[in-house]
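A note on names: the letters A, B, ... follow the listed sequences, proteins ahead of strands, and every chain is numbered from 1.
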Protein chains: 2
Amino acid sequence: MLKGHLDAVLLATIGDEALHGYAIIEAIRARSGGHFDLPEGTIYPALHRLELAGLLASRWVQPDGGRKRRVYALTDGGRQSLVERRAGWQSFASGIDLVLGARA
Amino acid sequence: MLKGHLDAVLLATIGDEALHGYAIIEAIRARSGGHFDLPEGTIYPALHRLELAGLLASRWVQPDGGRKRRVYALTDGGRQSLVERRAGWQSFASGIDLVLGARA
DNA sequence: GTCTGAAGCCTAGTGTTACTAGGTATAACT
DNA sequence: AGTTATACCTAGTAACACTAGGCTTCAGAC
(Lines give C-alpha, C1' and ligand atoms only; values in the text may rest on other atoms or scores of the structure.)
Protein backbone atom coordinates (compact mmCIF):
# COMPACT_ATOMS: atom_id res chain seq x y z
CA MET A 1 0.00 0.00 0.00
CA LEU A 2 1.83 3.09 -1.27
CA LYS A 3 -0.73 5.53 0.10
CA GLY A 4 -0.71 8.17 -2.56
CA HIS A 5 2.99 7.97 -3.25
CA LEU A 6 2.82 5.32 -5.93
CA ASP A 7 3.31 7.80 -8.76
CA ALA A 8 6.45 9.21 -7.20
CA VAL A 9 7.77 5.70 -6.64
CA LEU A 10 7.13 4.74 -10.25
CA LEU A 11 8.69 7.87 -11.68
CA ALA A 12 11.72 7.55 -9.44
CA THR A 13 12.15 3.87 -10.23
CA ILE A 14 12.03 4.39 -13.95
CA GLY A 15 14.35 7.35 -13.73
CA ASP A 16 16.67 7.29 -16.72
CA GLU A 17 16.48 3.59 -17.31
CA ALA A 18 13.38 2.93 -19.45
CA LEU A 19 11.94 -0.18 -17.84
CA HIS A 20 9.02 -2.45 -18.61
CA GLY A 21 6.26 -3.18 -16.13
CA TYR A 22 7.49 -6.47 -14.80
CA ALA A 23 10.99 -5.11 -14.31
CA ILE A 24 9.57 -2.10 -12.49
CA ILE A 25 7.98 -4.38 -9.92
CA GLU A 26 11.28 -6.12 -9.35
CA ALA A 27 13.18 -2.84 -9.21
CA ILE A 28 10.83 -1.43 -6.60
CA ARG A 29 11.16 -4.57 -4.53
CA ALA A 30 14.94 -4.40 -4.76
CA ARG A 31 15.36 -0.68 -4.22
CA SER A 32 12.97 -0.55 -1.28
CA GLY A 33 14.89 -3.25 0.51
CA GLY A 34 11.90 -5.55 0.30
CA HIS A 35 9.49 -3.06 1.85
CA PHE A 36 7.28 -2.90 -1.22
CA ASP A 37 6.16 -5.84 -3.31
CA LEU A 38 3.51 -4.42 -5.58
CA PRO A 39 0.99 -6.59 -7.40
CA GLU A 40 0.61 -6.19 -11.15
CA GLY A 41 -2.94 -4.97 -10.67
CA THR A 42 -1.45 -1.96 -8.96
CA ILE A 43 1.27 -0.94 -11.34
CA TYR A 44 -0.19 -1.53 -14.80
CA PRO A 45 -3.17 0.76 -14.35
CA ALA A 46 -0.89 3.31 -12.72
CA LEU A 47 1.51 3.23 -15.68
CA HIS A 48 -1.40 3.77 -18.05
CA ARG A 49 -2.62 6.66 -15.96
CA LEU A 50 0.83 8.28 -15.92
CA GLU A 51 1.16 7.85 -19.67
CA LEU A 52 -2.25 9.39 -20.19
CA ALA A 53 -1.12 12.29 -18.02
CA GLY A 54 1.91 12.76 -20.27
CA LEU A 55 4.48 11.89 -17.63
CA LEU A 56 5.53 8.62 -19.24
CA ALA A 57 5.94 7.47 -22.82
CA SER A 58 5.84 3.80 -23.80
CA ARG A 59 6.99 1.76 -26.77
CA TRP A 60 6.88 -1.94 -27.56
CA VAL A 61 10.20 -3.72 -27.71
CA GLN A 62 10.92 -7.18 -29.09
CA PRO A 63 14.05 -8.54 -27.39
CA ASP A 64 16.12 -11.36 -28.96
CA GLY A 65 14.33 -14.35 -27.48
CA GLY A 66 11.57 -13.66 -25.03
CA ARG A 67 8.28 -11.97 -25.63
CA LYS A 68 7.37 -8.42 -26.42
CA ARG A 69 7.63 -5.86 -23.67
CA ARG A 70 6.15 -2.46 -23.21
CA VAL A 71 8.93 -0.17 -22.07
CA TYR A 72 8.30 3.07 -20.24
CA ALA A 73 10.48 6.17 -20.07
CA LEU A 74 10.02 9.54 -18.44
CA THR A 75 8.96 12.46 -20.57
CA ASP A 76 10.18 15.97 -19.80
CA GLY A 77 6.98 16.47 -17.89
CA GLY A 78 7.68 13.27 -16.00
CA ARG A 79 11.11 14.46 -14.96
CA GLN A 80 9.63 17.75 -13.85
CA SER A 81 6.90 15.95 -11.94
CA LEU A 82 9.42 13.70 -10.25
CA VAL A 83 11.32 16.69 -8.91
CA GLU A 84 8.10 18.15 -7.54
CA ARG A 85 6.93 14.89 -6.05
CA ARG A 86 10.25 14.27 -4.36
CA ALA A 87 10.02 17.68 -2.72
CA GLY A 88 6.40 16.97 -1.86
CA TRP A 89 7.34 13.73 -0.19
CA GLN A 90 10.05 15.37 1.89
CA SER A 91 7.67 18.04 3.03
CA PHE A 92 4.98 15.51 3.81
CA ALA A 93 7.33 13.17 5.65
CA SER A 94 8.78 15.93 7.78
CA GLY A 95 5.27 17.00 8.73
CA ILE A 96 4.34 13.50 9.81
CA ASP A 97 7.64 13.13 11.63
CA LEU A 98 6.89 16.26 13.61
CA VAL A 99 3.43 15.09 14.65
CA LEU A 100 4.46 11.54 15.44
CA GLY A 101 7.55 12.69 17.27
CA ALA A 102 9.57 10.25 15.24
CA ARG A 103 12.92 10.99 13.58
CA ALA A 104 12.27 14.63 14.40
CA MET B 1 -4.33 14.79 2.51
CA LEU B 2 -2.82 12.46 5.10
CA LYS B 3 -2.69 9.49 2.76
CA GLY B 4 -3.45 6.65 5.09
CA HIS B 5 -1.59 8.10 8.05
CA LEU B 6 -4.47 10.06 9.47
CA ASP B 7 -5.17 7.56 12.21
CA ALA B 8 -1.57 7.63 13.41
CA VAL B 9 -1.62 11.42 13.38
CA LEU B 10 -4.81 11.53 15.42
CA LEU B 11 -3.61 8.99 17.96
CA ALA B 12 -0.26 10.74 18.34
CA THR B 13 -1.85 14.15 18.66
CA ILE B 14 -4.24 13.08 21.36
CA GLY B 15 -1.53 11.22 23.20
CA ASP B 16 -2.04 11.66 26.94
CA GLU B 17 -3.92 14.92 26.69
CA ALA B 18 -7.59 14.07 26.08
CA LEU B 19 -8.55 16.65 23.46
CA HIS B 20 -11.79 17.55 21.73
CA GLY B 21 -12.19 17.60 17.96
CA TYR B 22 -11.68 21.25 17.32
CA ALA B 23 -8.61 21.36 19.53
CA ILE B 24 -7.22 18.36 17.69
CA ILE B 25 -7.35 20.25 14.43
CA GLU B 26 -5.46 23.15 15.96
CA ALA B 27 -2.95 20.85 17.63
CA ILE B 28 -2.23 19.09 14.35
CA ARG B 29 -1.77 22.41 12.60
CA ALA B 30 0.59 23.61 15.34
CA ARG B 31 2.58 20.40 15.76
CA SER B 32 3.04 19.87 12.05
CA GLY B 33 4.49 23.32 11.63
CA GLY B 34 1.59 24.32 9.44
CA HIS B 35 1.96 21.38 7.07
CA PHE B 36 -1.47 19.96 7.84
CA ASP B 37 -4.66 21.94 8.17
CA LEU B 38 -7.37 19.31 8.22
CA PRO B 39 -11.01 20.11 7.53
CA GLU B 40 -13.59 19.06 10.09
CA GLY B 41 -15.15 16.72 7.58
CA THR B 42 -11.93 14.73 7.75
CA ILE B 43 -11.40 14.46 11.47
CA TYR B 44 -14.88 13.96 12.92
CA PRO B 45 -15.66 10.84 10.91
CA ALA B 46 -12.16 9.57 11.64
CA LEU B 47 -12.62 10.06 15.39
CA HIS B 48 -15.89 8.15 15.22
CA ARG B 49 -14.22 5.39 13.31
CA LEU B 50 -11.39 5.14 15.83
CA GLU B 51 -13.83 5.09 18.73
CA LEU B 52 -15.82 2.36 17.04
CA ALA B 53 -12.59 0.44 16.65
CA GLY B 54 -11.97 0.75 20.37
CA LEU B 55 -8.84 2.90 20.05
CA LEU B 56 -10.45 6.04 21.46
CA ALA B 57 -13.02 6.71 24.19
CA SER B 58 -15.06 9.90 24.29
CA ARG B 59 -17.06 11.76 26.91
CA TRP B 60 -19.01 15.01 26.84
CA VAL B 61 -17.61 17.84 28.92
CA GLN B 62 -19.33 21.10 29.87
CA PRO B 63 -16.65 23.71 30.50
CA ASP B 64 -17.36 26.84 32.59
CA GLY B 65 -18.54 29.18 29.86
CA GLY B 66 -18.45 27.88 26.32
CA ARG B 67 -20.39 25.06 24.80
CA LYS B 68 -20.23 21.32 25.33
CA ARG B 69 -17.30 19.45 23.94
CA ARG B 70 -16.73 15.84 23.13
CA VAL B 71 -13.36 14.92 24.52
CA TYR B 72 -11.35 11.97 23.23
CA ALA B 73 -8.70 9.96 25.03
CA LEU B 74 -6.67 6.94 24.02
CA THR B 75 -7.71 3.54 25.28
CA ASP B 76 -5.13 0.87 26.07
CA GLY B 77 -5.73 -0.46 22.59
CA GLY B 78 -5.18 3.03 21.21
CA ARG B 79 -1.83 3.34 22.95
CA GLN B 80 -0.84 -0.06 21.63
CA SER B 81 -1.98 0.89 18.15
CA LEU B 82 -0.04 4.14 18.27
CA VAL B 83 3.17 2.27 19.02
CA GLU B 84 2.54 -0.03 16.08
CA ARG B 85 1.59 2.76 13.73
CA ARG B 86 4.65 4.80 14.64
CA ALA B 87 6.81 1.82 13.79
CA GLY B 88 4.78 1.28 10.64
CA TRP B 89 5.33 4.86 9.58
CA GLN B 90 9.08 4.66 10.12
CA SER B 91 9.28 1.50 8.10
CA PHE B 92 7.14 2.96 5.34
CA ALA B 93 9.04 6.24 5.25
CA SER B 94 12.41 4.55 5.07
CA GLY B 95 11.15 2.43 2.20
CA ILE B 96 10.00 5.45 0.26
CA ASP B 97 13.22 7.27 1.08
CA LEU B 98 15.19 4.40 -0.39
CA VAL B 99 13.23 4.37 -3.62
CA LEU B 100 13.15 8.12 -4.05
CA GLY B 101 16.79 8.46 -3.12
CA ALA B 102 15.82 11.17 -0.67
CA ARG B 103 17.13 11.48 2.89
CA ALA B 104 18.61 8.01 2.43
C1' DG C 1 6.23 -33.95 -26.72
C1' DT C 2 3.62 -32.21 -23.16
C1' DC C 3 3.38 -29.94 -18.82
C1' DT C 4 4.61 -26.61 -15.46
C1' DG C 5 6.25 -22.45 -14.03
C1' DA C 6 8.04 -18.01 -14.85
C1' DA C 7 7.86 -13.90 -17.57
C1' DG C 8 4.82 -10.51 -19.31
C1' DC C 9 0.67 -7.88 -20.17
C1' DC C 10 -4.11 -6.66 -19.01
C1' DT C 11 -9.02 -5.37 -16.85
C1' DA C 12 -13.27 -5.26 -13.96
C1' DG C 13 -14.79 -4.71 -9.67
C1' DT C 14 -14.22 -3.31 -4.82
C1' DG C 15 -13.19 -1.35 -0.24
C1' DT C 16 -10.96 2.25 2.05
C1' DT C 17 -9.86 6.88 2.60
C1' DA C 18 -10.20 11.57 3.17
C1' DC C 19 -12.20 15.03 0.78
C1' DT C 20 -16.14 18.75 -0.42
C1' DA C 21 -20.07 20.89 0.82
C1' DG C 22 -23.21 21.44 3.21
C1' DG C 23 -26.03 21.87 8.07
C1' DT C 24 -26.68 23.19 13.19
C1' DA C 25 -25.83 25.58 17.67
C1' DT C 26 -23.57 28.50 21.18
C1' DA C 27 -20.68 32.30 22.81
C1' DA C 28 -18.16 36.57 22.32
C1' DC C 29 -17.36 40.75 20.24
C1' DT C 30 -19.03 44.96 17.78
C1' DA D 1 -28.47 42.79 15.52
C1' DG D 2 -24.86 40.87 12.98
C1' DT D 3 -20.57 38.74 12.53
C1' DT D 4 -16.96 35.77 13.85
C1' DA D 5 -14.99 31.95 16.30
C1' DT D 6 -15.97 27.83 18.54
C1' DA D 7 -17.87 23.29 18.20
C1' DC D 8 -20.19 19.27 16.40
C1' DC D 9 -22.11 16.55 12.58
C1' DT D 10 -23.40 13.93 7.91
C1' DA D 11 -24.16 12.66 3.01
C1' DG D 12 -22.10 12.17 -1.07
C1' DT D 13 -17.93 11.66 -3.91
C1' DA D 14 -13.51 10.96 -6.21
C1' DA D 15 -9.22 8.82 -6.02
C1' DC D 16 -6.48 5.22 -4.99
C1' DA D 17 -4.55 0.76 -4.80
C1' DC D 18 -6.05 -3.58 -3.99
C1' DT D 19 -8.09 -8.56 -5.21
C1' DA D 20 -9.00 -11.76 -8.44
C1' DG D 21 -9.27 -13.04 -12.22
C1' DG D 22 -7.68 -13.86 -17.73
C1' DC D 23 -4.46 -14.11 -21.64
C1' DT D 24 0.09 -15.27 -24.16
C1' DT D 25 4.89 -16.79 -24.76
C1' DC D 26 9.05 -19.09 -23.58
C1' DA D 27 12.26 -22.37 -21.00
C1' DG D 28 13.07 -26.38 -18.67
C1' DA D 29 11.52 -30.89 -16.60
C1' DC D 30 9.88 -35.31 -17.20
Side-chain angles (χ1 to χ4, degrees), chain A residues 1-11 13-14 18-30 32 35-53 55-56 58-72 85 88-89 92 95-96 99, chain B residues 1-11 13-14 18-30 32 35-53 55-56 58-72 85 88-89 92 95-96 99:
Chain A
M1 179 45 155
L2 263 322
K3 294 172 176 156
H5 305 286
L6 174 61
D7 292 359
V9 163
L10 289 175
L11 294 174
T13 299
I14 294 171
L19 297 174
H20 63 283
Y22 213 80
I24 291 172
I25 293 177
E26 293 176 336
I28 291 174
R29 186 167 44 226
S32 70
H35 277 293
F36 307 128
D37 191 5
L38 303 183
E40 301 172 28
T42 291
I43 71 125
Y44 287 114
L47 291 171
H48 299 163
R49 178 165 41 80
L50 291 173
E51 180 163 30
L52 196 68
L55 305 183
L56 293 179
S58 73
R59 63 197 160 85
W60 286 93
V61 171
Q62 175 68 65
D64 305 342
R67 50 169 302 185
K68 277 203 299 183
R69 297 162 172 174
R70 183 137 131 180
V71 164
Y72 291 88
R85 285 167 200 269
W89 160 252
F92 175 78
I96 299 283
V99 176
Chain B
M1 182 40 155
L2 263 324
K3 293 170 177 156
H5 305 287
L6 174 61
D7 292 358
V9 163
L10 289 175
L11 295 173
T13 300
I14 294 172
L19 297 174
H20 64 282
Y22 213 79
I24 291 172
I25 293 177
E26 294 176 334
I28 291 174
R29 186 166 46 227
S32 71
H35 277 292
F36 307 128
D37 191 5
L38 302 183
E40 303 172 28
T42 291
I43 71 123
Y44 286 115
L47 291 172
H48 299 163
R49 179 163 43 80
L50 291 172
E51 181 163 28
L52 196 67
L55 305 183
L56 293 178
S58 72
R59 63 197 160 86
W60 285 92
V61 170
Q62 175 67 66
D64 306 342
R67 51 168 302 186
K68 278 203 299 181
R69 296 163 173 174
R70 184 139 133 179
V71 165
Y72 290 88
R85 285 167 201 270
W89 160 252
F92 174 78
I96 298 282
V99 176

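Residue Gly21(B) is classed as a sugar-phosphate contact, given heavy-atom separations below 4.0 Å to backbone atoms only. The residue Gly4(A) sits close only to the backbone: its heavy atoms come under 4.0 Å of sugar-phosphate atoms, none of a base.
Contact footprint of chain B on DNA chain D: nucleotides with an atom under 4.0 Å from a non-hydrogen protein atom, first to last in 5' to 3' order, dT6(D) to dT10(D).
Rounded to an integer number of Å, the gap from CG of Leu10(B) to C1' of dA18(C) is 11 Å. Going from atom OH of Tyr44(A) over to atom P of dA7(C) covers 12 Å, rounded to whole Å. Taking atom CD1 of residue Ile43(B) and atom C1' of nucleotide dT17(C), one finds them 15 Å apart after rounding to whole Å. Between Ile96(A) atom CD1 and dA18(C) atom C1' there is a gap of 13 Å when expressed in whole angstrom units. Atom-to-atom, CG of Leu19(A) to P of dG8(C) comes out at 11 Å; the value is rounded to the nearest Å. Put simply, CG on Leu47(B) is 13 Å from P on dC19(C), counting in whole angstrom units. Atom P of nucleotide dT17(C) and atom NE2 of His5(A) are separated by 15 Å, given to the nearest angstrom. In this structure, Glu26(A) places its CD atom 10 Å from C1' of dA6(C), rounding to the nearest Å.
In this structure, Arg49(A) and Trp60(B) both approach DNA chain D, and ranking their closest nucleotides by distance from the 5' end singles out Trp60(B).
Nearest nucleotide to the Pro45(A) side chain, out of dC10(C), dA18(C), dT11(C): dT11(C).
Residues satisfying the side chain to side chain contact (heavy atoms under 4.5 Å, CB included) test with Lys3(B), not counting sequence neighbours, are Lys3(A), His5(A), Phe92(A), Met1(B). Checked against side chain to side chain contact (heavy atoms under 4.5 Å, CB included), Arg49(A) has the following partners two or more places apart in sequence or in another chain: Leu6(A), Asp7(A), Ala46(A). Partners of Arg69(B) under the salt bridge (charged side-chain N to carboxylate O under 4.0 Å, His left out) rule, at least two apart in sequence or in another chain, do not exist in this structure. In terms of the salt bridge (charged side-chain N to carboxylate O under 4.0 Å, His left out) criterion, residue partners of Glu51(B) (sequence neighbours excluded) are, by chain and number, Arg70(B).
For the pair Lys68(A) and Pro63(A), the tightest heavy-atom approach, listed with the atom from each and the gap, is CA-CD, 4.4 Å. The two residues Ile14(B) and Tyr72(B) make their nearest non-hydrogen contact at CG2-O, 3.5 Å.
From Thr13(A), atom OG1 reaches atom CD1 of Ile43(A) across 10.0 Å, with rounding to the nearest 0.5 Å. With rounding to the nearest 0.5 angstrom, the CD1 atom of Ile28(A) is 7.0 Å from the CG atom of Leu2(A).
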Distance-only check: which donor-acceptor pairs under 3.5 Å involve side-chain atoms of residues 18-26 of chain B, not counting sequence neighbours?
none

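For the pair His48(A) and dT11(C), the criterion of a side-chain N or O lying under 4.0 Å from OP1 or OP2 is met.
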Exercise for the section: Scan nucleotides 23-30 of chain C nucleotide by nucleotide, 5' to 3', and note B when protein non-hydrogen atoms come under 4.0 Å of the base, S if they reach only the sugar-phosphate, - if neither. Expected result: --B-S---
